[in-house]
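First up is the structure itself, then whatever we jot down about it.
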Amino acid sequence: MNYEKEPLHISTPVPNGTYEVTVTVTAHEDIVFTILSQSRRFMAQDINLGKGESTDITFNVSVCDYHKNNEDYTNVNGVEIDIMCDGDFTALSAVSPVNIPTVYIAGDSTVTDQPAEYPYNATSTYCGWGQMFPQFFNTGIAVENHAQSGSTTEDFKNVNFTAFKDKIKKGDFLIIEFGHNDQKIDTLDAFGGYTENLKYFVNFVREKGANPIICSPINRIIFQEDGTLLNLLGDYRTAVKNVCDEMNVPFIDLWSRTTEFFEAA
């Protein structure tokens with residue numbers, strides 16, 4: 001659904017931490033709404049509500065100062081909620097701290113929280129899969145996306161990782177997906193620096209008692225004349241598979257899944 005109106009913004013100042021948030025939406029006419037949190041993370045998408053009906057949407061939000069590439073730390077002042085809806089409605093929110101596991105995400109532009117201008121047009125606005133991820137979780141676990149556009153494994157290790165490496169704890173998860181930018185750097189070839197950096201992340205989070213998960217990079221959408229995708233990241237997919245096999249790490253093969261999806265489409 002495309003939304004024309006600026007979203008309703010609700011800000012609740014709280015310190016860094018993990019919170020349970022309940023948003024109560026009351027419709028004054030038939031509406032469809034979407035709830036975003038923090039830097040445009042999708043918490044609930046295209047929810048239908050009839051005139052006079054109310055609903056409670058509950059989810060978890062991790063509030064964290066995060067580090068962007070080549071910039072200073074960005075202050076995050078609390079729980080930030082945006083409700084996108086073209087109809088007439090009112091909304092209230094309640095925020096309370098919780099102690100639950102966190103899924104941290106490390107990655108590049110294919111994963112990051114992408115910004116958008118309004119009116120929101122889904123066909124022309126970028127989204128990383130990481131910002132769509134939270135809506136698929138029930139309460140009891142939070143998602144904290146630290147992926148950064150343009151980032152390599154080396155960039156992330158030296159910059160964005162510093163925002164949460166000291167707070168990742170037993171029972172947490174780190175999902176890792178790189179390759180698109182590593183491929184452009186000679187020292188980060190698939191079976192060289194890229195592989196070594198993946199192993200660094202695995203060893204680090206395991207020492208903290210957390211759980212690593214590695215994704216192969218999504219494929220680039222460059223078609224050949226026969227309708228198949230040009231294989232530009234296959235070696236990076238193989239490198240991820242090798243690391244996961246060697247270190248007994250869960251492997252999500254996004255390269256193969258996206259190749260199959262795009263070629264079929």
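These figures come from a predicted structure and were not determined experimentally.
The stretch residues 159-180 participates, sequence neighbours left out, in these ring-ring contact (aromatic ring centres under 6.0 Å, His included) pairs: Tyr104-Phe164, His146-Phe164, Phe156-Phe178, Phe161-Phe164, Phe161-Phe201, Phe161-Phe204. Legend: salt bridge (charged side-chain N to carboxylate O under 4.0 Å, His left out) pairs involving residues 78-95, not counting sequence neighbours: none detected.
No continuous path of ILVMFWY side-chain contacts below 4.5 Å connects Val61 to Ile141, so the two sit in separate hydrophobic clusters. The hydrophobic cluster containing Leu198 also contains Leu174, counting ILVMFWY residues as joined when their side-chain heavy atoms lie under 4.5 angstrom apart, directly or transitively. When hydrophobic clusters are built by joining Ile, Leu, Val, Met, Phe, Trp and Tyr residues whose side-chain heavy atoms come closer than 4.5 Å, directly or via intermediates, Ile252 is not grouped with Val240. Trp255 and Val111 are assigned to two separate hydrophobic clusters, defined by single-linkage of ILVMFWY side chains at heavy-atom distances under 4.5 Å. Hydrophobic clustering (side-chain heavy atoms under 4.5 Å, transitive across Ile, Leu, Val, Met, Phe, Trp, Tyr) keeps Ile213 apart from Val202.
Legend: residues meeting ring pair (Phe, Tyr, Trp, His ring centres under 6.0 Å) with Phe223, ordered by chain and number and at least two apart, are absent. Qualifying ring pair (Phe, Tyr, Trp, His ring centres under 6.0 Å) partners for Phe251, counting only residues two or more places apart in sequence or in other chains: none.
Checked by atom type and distance alone, the side chain of Glu53 never pairs as donor or acceptor with a backbone atom of Ala27 at under 3.5 Å. Asn48 places no side-chain N or O within donor-acceptor distance of the main-chain N or O of Val32, the cut-off being under 3.5 Å. Although no hydrogens or angles enter the test, the distance criterion places no donor-acceptor pair under 3.5 Å between the side chain of Asn160 and the main chain of Ala147. Without hydrogens or angle criteria, Gln135 side chain to Met132 main chain gives a donor-acceptor distance under 3.5 Å. Remark: the backbone N or O of Thr22 is not paired with any side-chain donor or acceptor of Asp56 at under 3.5 angstrom. Not a single donor-acceptor pair under 3.5 Å links the side chain of Thr162 to the backbone N or O of Asn158. In this structure a side-chain-to-backbone donor-acceptor pair under 3.5 Å is present from Thr34 to Asp46. Side-chain atoms of Asp172 come within 3.5 Å of backbone atoms of Thr102 as a donor-acceptor pair (strictly under, hydrogens ignored). Arg40 places a side-chain N or O within 3.5 Å of a backbone atom of Gln114 that can act as its donor or acceptor partner.
From Thr259, atom OG1 reaches atom CG of Leu254 across 10.0 Å, with rounding to the nearest 0.5 Å. Separation of atoms CD1 (Ile105) and CZ (Phe133) is listed at 5.5 Å; rounding is to 0.5 Å.
Between Tyr19 and Ser37 there is no side-chain heavy-atom pair separated by less than 4.5 Å. Between Thr55 and Phe33, some side-chain heavy-atom pair lies under the 4.5 Å cut-off. With contacts defined as side-chain heavy-atom distances shorter than 4.5 Å, the pair Ile168/Glu144 does not qualify. Annotation: side chain of Thr110 is not in contact with side chain of Pro217 (no heavy-atom distance under 4.5 Å). In this structure, Asn77 and Ser11 have side chains that are not in contact, with every pair of non-hydrogen atoms separated by 4.5 Å or more. Residues Leu49 and Ile47 have side chains not in contact (no heavy-atom distance under 4.5 Å, counting atoms from C-beta outward). No side-chain heavy atom of Lys157 sits under 4.5 Å from any side-chain heavy atom of Thr152. Contact of the Asn203 side chain with the Met247 side chain is registered, since non-hydrogen atoms from C-beta on lie closer than 4.5 Å.
Leu92 belongs to no multi-residue hydrophobic cluster, having no ILVMFWY side-chain contact under 4.5 Å with any other such residue. Clustering of Ile, Leu, Val, Met, Phe, Trp and Tyr by side-chain heavy atoms under 4.5 Å joins Ile100 with Val98.
Within 6.0 Å of NZ in Lys51 there are 12 or fewer heavy atoms belonging to other residues, nucleotides or ligands. By the 6.0 Å contact criterion, CZ on Phe261 is open, its count of non-hydrogen atoms from other residues, nucleotides or ligands being 12 or less. By the neighbour-count criterion of 12 heavy atoms within 6.0 Å, atom OH of Tyr126 is sparsely surrounded, having that number or fewer from other residues, nucleotides or ligands. For CZ of Arg206, the number of neighbouring non-hydrogen atoms (other residues, nucleotides, ligands) closer than 6.0 Å is greater than 12. The neighbour count for Asn99 CG, taken as heavy atoms of other residues, nucleotides or ligands under 6.0 Å away, does not exceed 12.
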Might you work through the side-chain contact (heavy atoms from CB on, under 4.5 Å) test for Glu177 and Ile218, ending with a clear yes or no? CA-CA 8 Å; Glu177 192 240 284; Ile218 69 171; 3.9 Å; yes
Would you check, one step at a time, whether the test side-chain contact (heavy atoms from CB on, under 4.5 Å) holds for Asn242 with Thr195? CA-CA 9 Å; Asn242 291 346; Thr195 288; over 6 Å; no
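For the residue pair Ser109 and Ser149, no side-chain donor N or O sits within less than 3.5 Å of a side-chain acceptor on the partner.
Considering all non-hydrogen atoms of both residues, Gly87 and Lys5 come closest at O-NZ, 3.6 Å.
When each of Arg41, Gln38, Gln131 is paired with Asp113, the side chain to side chain donor-acceptor pair (under 3.5 Å) condition holds for Arg41 and for no other.
Between Asp245 and Lys241 there is a salt bridge, since at least one side-chain N of the basic residue sits less than 4.0 Å from a carboxylate O of the acidic one.
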